[in-house]
Amino acid sequence: MTGEPNSGAEGHWRALERLYSSAPVNSKFASSLEVTGEGAARITFDITEDVFHAAGAAHGTVYFKMLDDAAFYAANTLVTDRFLLTTSFNLHFTKPVRDGTIIAEGRWVSGRRRVFVAESRLIDAEGDEIGRGTGTFMKSRIPLSGLPGYAE
């Protein structure tokens, strides 16, 4: 999944990054998306106390959101016309996190027609894996070109 993408792929990837930034839910999180290549995406997220559960660490919803988003965007790099939908997602928590910047790395695994499988992992500021997930995503009937943020 390395090599020089053509300008069409690069344009699609930048549009996916804009789409992520424009989603209303993402205004609630200090996060940013970078599409790093075909089938690959990275989300950077700052953990602050406003995402803690009662015991003083990041709530599982943060893990799910980052893992789902990273896998979703990795898969959607392969689809230039339609928005994907998450149909299932399995995640594993391996370590709590209380502060710092965490990275979600998403990677497409299989599927190129209607259903896609992608995986993701969360890495904390010390470089430790703190969570991992695998998702299944399906092409929707929603055209990407009609979504605010996708088209400039």
Measure across Lys139 and Phe116 and return the closest heavy-atom pair with its distance rounded to 0.1 Å.
CG-CE1, 4.1 Å
Ring pair (Phe, Tyr, Trp, His ring centres under 6.0 Å) with Phe83: which of Phe72, Tyr20, Tyr150?
Phe72
Qualifying residues under side chain to side chain donor-acceptor pair (under 3.5 Å), relative to Tyr63, sequence neighbours excluded:
none
Applying the 4.5 Å side-chain criterion to the ILVMFWY set and letting contacts propagate, would Ile103 and Val97 be lumped into a single cluster?
no
Taking the side chain from Ser140 and the backbone from Leu85, do they hold a donor-acceptor pair closer than 3.5 Å?
no
With Lys95 via side chain to side chain contact (heavy atoms under 4.5 Å, CB included) - residues at least two apart:
Asp124, Glu126, Asp128, Ile130
Value rounded to 0.5 Å, distance of OG1 in Thr94 from CZ in Arg121
10.5 Å
Joint hydrophobic cluster, Ile123 plus Val62, side-chain heavy atoms closer than 4.5 Å
no
Taking only residues two or more places apart in sequence, or in another chain, which ones meet Arg14 in a salt bridge (Lys or Arg N to Asp or Glu O under 4.0 Å)?
Glu10, Glu17
Report the C-alpha distance between Glu38 and Leu78 in whole Å, list the side-chain angles of each, state the deciding distance to 0.1 Å, and finish with yes or no for side chain to side chain contact (heavy atoms under 4.5 Å, CB included).
CA-CA 7 Å; Glu38 182 177 290; Leu78 293 124; 3.9 Å; yes
Scan residues 76-87 for pairs that pass side-chain hydrogen bond (donor to acceptor under 3.5 Å, both in side chains), counting only residues two or more places apart or in two chains.
Asp68-Thr86
Has Trp108 got a side-chain atom pairing as donor or acceptor with Ser110's backbone, closer than 3.5 angstrom?
yes
Hey, any chance Phe45 and Phe64 share a hydrophobic cluster, counting ILVMFWY side chains that come within less than 4.5 Å of each other, even indirectly?
yes
Any salt bridge (charged side-chain N to carboxylate O under 4.0 Å, His left out) pairs touching residues 40-66, not counting sequence neighbours?
Glu34-Arg42, Lys65-Asp69
Apply side chain to side chain contact (heavy atoms under 4.5 Å, CB included) to His92 and list each qualifying residue two or more places apart in sequence or on a separate chain.
Asn90
Show your reasoning for whether side chain to side chain contact (heavy atoms under 4.5 Å, CB included) applies to Tyr73 and Ser120.
CA-CA 10 Å; Tyr73 280 98; Ser120 52; over 6 Å; no
